[in-house]
Amino acid sequence: MKKSILITGGLGFIGSHTAVELIQEGFEVVIVDNQVNSESFILERIEQITGYLPVYYCADVCDELAIEQIFNNHQIDAVIHFAALKAVGESVEKPLKYFKNNINSLLTILSVMEKFNCLSMVFSSSATVYGDADKFPIEETFLFKKSLSAYGSTKQFGEDILEKVSNSSAIKSIALRYFNPVGAHPSGLIGELPIGKPNNLMPYLTQFAANKLKNFTVYGNDYSTKDGTCLRDYIHVVDLAKAHVRSCIYLLENINVKTFDAINIGTGKANSVLELISKFEEVNRVKLNYKFGNRRLGDAESIYGSVDKANNILNWKAELTLHDMVQDAWNWQKNIS
Ligand code: NAD
Ligand code: WQD
């Protein structure tokens with residue numbers, strides 16, 4: 001019988017791509033999302049790509065009764081918990097908003113899972129949990145540094161909550177620590193939909209290339225890196241989505257899995273801001289007239305990690321390249337412009 005996966009935040013950027021990959025692997029998909037950062041047309045796009053319309057509930061994951069209703073209506077085998085607010089800067093200004101949404105939604109979904117004996121959870125964590133690391137590549141065993149943003153704290157606390165709940169119950173969980181997710185589905189039908197002016201590099205860059213933004217500043221060219229700009233591990237969202245499919249299969253098929261595990265999800269390669277820009281220009285034949293500006297407050301010089309654990313445990317490896325990332329991101333931007 002087909003296994004059913006509940007995707008919280010399933011209309012969002014990473015959730016929608018994961019819904020597509022799960023459906024294509026033969027899973028039943030149920031989505032819950034309150035559309036605080038997504039739009040309902042994404043559901044039809046998932047159907048257009050896969051030929052299957054997932055069951056969708058428009059509800060807040062902090063609403064325990066609404067979540068219980070979903071578990072009453074469906075036999076859920078595993079949960080992938082994406083639902084969260086993710087704007088790092090806003091979380092510094094409005095920490096309570098982030099703690100309330102990101103922590104309450106996790107506590108609620110875990111309580112309902114326990115009540116309904118649903119025993120597998122994949123959690124969206126982030127490489128942000130490591131803070132400004134001083135050794136590379138970053139490994140999962142590195143200790144967290146104190147987080148500078150409420151957003152980062154919710155991921156650190158989230159992992160701690162999961163570890164303790166998993167250690168004392170039958171719920172098994174995996175926290176996937178994503179590096180920098182970018183790109184879009186190659187169909188051009190789903191992708192990132194940032195509200196307002198984007199902060200992240202790729203959506204900023206594509207909106208600038210589409211003449212929706214006037215200036216594009218590279219934040220700092222005086223870092224101690226090969227070209228003076230920051231290094232990041234950019235990962236294609238379709239590869240990232242597949243890591244979630246592998247995690248579900250791993251949790252559902254292995255009896256002897258560790259109660260809690262945290263796994264880096266990236267390509268294992270570091271690219272500078274300038275490398276990303278020049279790849280975008282070369283692949284898409286678009287000139288980007290950027291200027292150099294000051295460093296952005298809070299930016300780490302380098303963030304990239306080891307992805308051996310994902311390969312060993314999940315039998316997963318990123319396959320798509322920087323070329324695919326800039327091509328698919330631009331294709332998506334042109335479709336929504
Ligand atoms: P997104 O904003 O596109 O998707 C999140 C979805 O969750 C949205 O559709 C939103 O409407 C929904 N949501 C938020 N709070 C909710 C609630 N209380 N109830 C129901 N739905 C709710 O973000 P994304 O980029 O797809 O990120 C997904 C997850 O991955 C988040 O947990 C995020 O913190 C994490 N993450 C993202 C990145 C990144 O750069 N995109 C990096 C690391 C980790
Ligand atoms: C990448 C590089 C910028 C915009 C953030 C979160 C992190 C995670 C992923 C959720 C940096 C430079 C950017 C611009 C630029 N999210 N840049 N000009 O900061 O690595 O990570 O998203 O968990 O928590 O902090 O990503 O895309 O914002 O920046 O030069 O207009 O691009 O300085 O070096 P970041 P980013």
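As the structure lists them, so they are numbered: ligands from 1, and atoms in each ligand from 1.
Summarising the local packing, NZ of Lys115 is surrounded by 12 or fewer heavy atoms from other residues, nucleotides or ligands at distances under 6.0 Å. For Glu114, the CD atom sits in a loose shell: 12 or fewer heavy atoms of surrounding residues, nucleotides or ligands are nearer than 6.0 Å.
Side-chain contact check for Thr321 and His323: no donor-acceptor pair (N or O, by modelled atom type) lies under 3.5 Å. Between the side chains of Gln69 and Asn73, at least one donor N or O sits under 3.5 Å from an acceptor N or O. Between the side chains of Lys291 and Thr217, at least one donor N or O lies within less than 3.5 Å of an accepting N or O. The closest side-chain donor-acceptor pair between Tyr151 and Thr128, if any, does not fall under 3.5 angstrom. Asp328 and His185 form no side-chain donor-acceptor contact under 3.5 Å, judged by distance and modelled atom types alone. A donor-acceptor pair shorter than 3.5 Å can be found between the side chains of Ser125 and Glu159. Looking at Gln333 and Ser337, their side chains do bring a donor and an acceptor atom within 3.5 Å of each other.
Between Ile46 and Leu53 there is no side-chain heavy-atom pair separated by less than 4.5 Å.
Considering backbone and side-chain N/O atoms, Ile14 comes within less than 3.5 Å of an N/O atom of ligand 1. No N or O atom of Ser126 sits closer than 3.5 Å to an N or O atom of ligand 1. Close N/O approach between Ala83 and ligand 1 is not found [any backbone or side-chain N/O within under 3.5 Å]. The distance criterion of under 3.5 Å between nitrogen or oxygen atoms is not met by Val32 with respect to ligand 1. Here's the thing with Lys155: one of its N/O atoms is less than 3.5 angstrom from an N/O atom of ligand 1. Residue Phe179 places no N or O, backbone or side chain, under 3.5 Å from any N or O of ligand 2. When only interatomic distances are considered, the shortest N/O to N/O separation between Asn180 and ligand 2 falls below 3.5 Å. On a distance-only criterion, Lys86 and ligand 1 share at least one N/O pair closer than 3.5 Å.
The distance from ligand 2 to the heavy atoms of Val88 drops below 4.0 Å at these ligand atoms: 6 (C), 24 (O), 25 (O). Of all the atoms in ligand 1, the ones that sit under 4.0 Å from a non-hydrogen atom of Val36 are 10 (C), 11 (O), 13 (N), 14 (C), 15 (N). Against a heavy-atom cut-off of under 4.0 Å, Ala59 is close to the following atoms of ligand 1: 19 (N), 20 (C). With ligand atoms numbered from 1 in the order given, ligand 1 contributes 17 (C), 18 (N), 19 (N), 20 (C) to contacts under 4.0 Å with heavy atoms of Val61. Atoms of ligand 1 lying under 4.0 Å from at least one heavy atom of Asn34, given by number and element, are 11 (O), 13 (N), 16 (C), 17 (C), 18 (N), 19 (N), 20 (C), 21 (N), 22 (C). Close contacts between ligand 2 and Val218 involve ligand atoms 30 (O) [criterion: under 4.0 Å to a heavy atom]. Every atom of ligand 2 is numbered from 1 in the order shown, and the set under 4.0 Å from a heavy atom of Tyr151 is 10 (C), 23 (O), 24 (O). Of all the atoms in ligand 1, the ones that sit under 4.0 Å from a non-hydrogen atom of Gly9 are 6 (C), 7 (O), 12 (C). Heavy-atom proximity to Val273, at under 4.0 Å, picks out these atoms of ligand 2: 2 (C), 12 (C), 30 (O), 32 (O), 34 (O). The ligand atoms of ligand 2 that sit less than 4.0 angstrom from a heavy atom of Asn199 are 4 (C), 28 (O). Those atoms of ligand 1 that come under 4.0 Å of a heavy atom in Ser125, given as number and element, are 43 (C), 44 (C). If you number the atoms of ligand 1 from 1 as listed, the ones under 4.0 Å from a heavy atom of Ser38 come out as 8 (C), 9 (O), 11 (O). Those atoms of ligand 2 that come under 4.0 Å of a heavy atom in Ser126, given as number and element, are 10 (C), 23 (O), 24 (O). The atoms of ligand 2 that sit less than 4.0 Å from any heavy atom of Cys230 are 34 (O). Numbered from 1 in the order shown, with element, the atoms of ligand 2 that lie under 4.0 Å from a heavy atom of Tyr234 read 1 (C), 2 (C).
Considering each of Pro181, Gly191, Pro194, Cys62, the one bringing a non-hydrogen atom nearest atom 39 (C) of ligand 1 is Pro181. For atom 31 (O) of ligand 2, the candidate residues are Phe208, Tyr219, Tyr178; the nearest heavy-atom contact is made by Tyr219. Relative to atom 35 (C) of ligand 1, the option among Tyr151, Tyr98, Phe82 with the closest non-hydrogen atom is Tyr151. Here the shortest heavy-atom distance to atom 10 (C) of ligand 1, taken over Thr8, Asn104, Asp33, belongs to Asp33. Among Thr217, Ile277, Val182, the residue whose heavy atom lies nearest to atom 18 (N) of ligand 2 is Thr217. The residue from Ile109, Asn101, Ile67, Leu85 that puts a heavy atom closest to atom 18 (N) of ligand 1 is Asn101.
At least one heavy atom of Asp60 sits closer than 4.0 Å to an atom of ligand 1. Heavy-atom distances between Arg296 and ligand 2 reach below 4.0 Å in at least one pair.
Checking side-chain atoms of Asp77 against main-chain N and O of Ile5 turns up no donor-acceptor pair under 3.5 Å. With Thr225 contributing its side chain and Thr229 its backbone, the two residues share a donor-acceptor pair below 3.5 Å. Of the possible polar contacts, none joining the Asn264 side chain to the Ala310 backbone as a donor-acceptor pair under 3.5 Å is found.
Residue contacts with ligand 1, taken as heavy atom pairs separated by less than 4.0 Å, involve Gln35 solely via the backbone atoms N, CA, C and O. With a heavy-atom cut-off of 4.0 Å, Ala127 does not touch ligand 1 at all. Residue contacts with ligand 1 for Asn200 are absent, since no atom lies close enough (heavy atoms, distance under 4.0 Å).
In summary, Asp299 and Arg296 engage in a salt bridge, as defined by a charged side-chain N under 4.0 Å from a carboxylate O. Using a cut-off of 4.0 Å between Lys/Arg side-chain N and Asp/Glu carboxylate O, Lys86 and Glu192 are scored as salt-bridged. At a threshold of 4.0 Å, the pair Asp324-Lys279 does not count as salt-bridged, since none of the basic side-chain nitrogens sits closer than that to a carboxylate oxygen.
Listed here is the closest heavy atom pair of Phe179 and Asp233: CB-O, 3.4 Å.
Centroid-to-centroid, the aromatic rings of Phe82 and His17 stay 6.0 Å apart or farther. When ring centroids are compared, Tyr290 and Phe292 come within the 6.0 Å threshold.
The aromatic rings of Phe123 and His81 lie parallel to each other, their planes meeting at an angle below 30°, with 60° marking the opposite boundary.
For atom 43 (C) of ligand 1, the closest non-hydrogen atom on the protein side is Tyr178 CD1, 3.4 Å.
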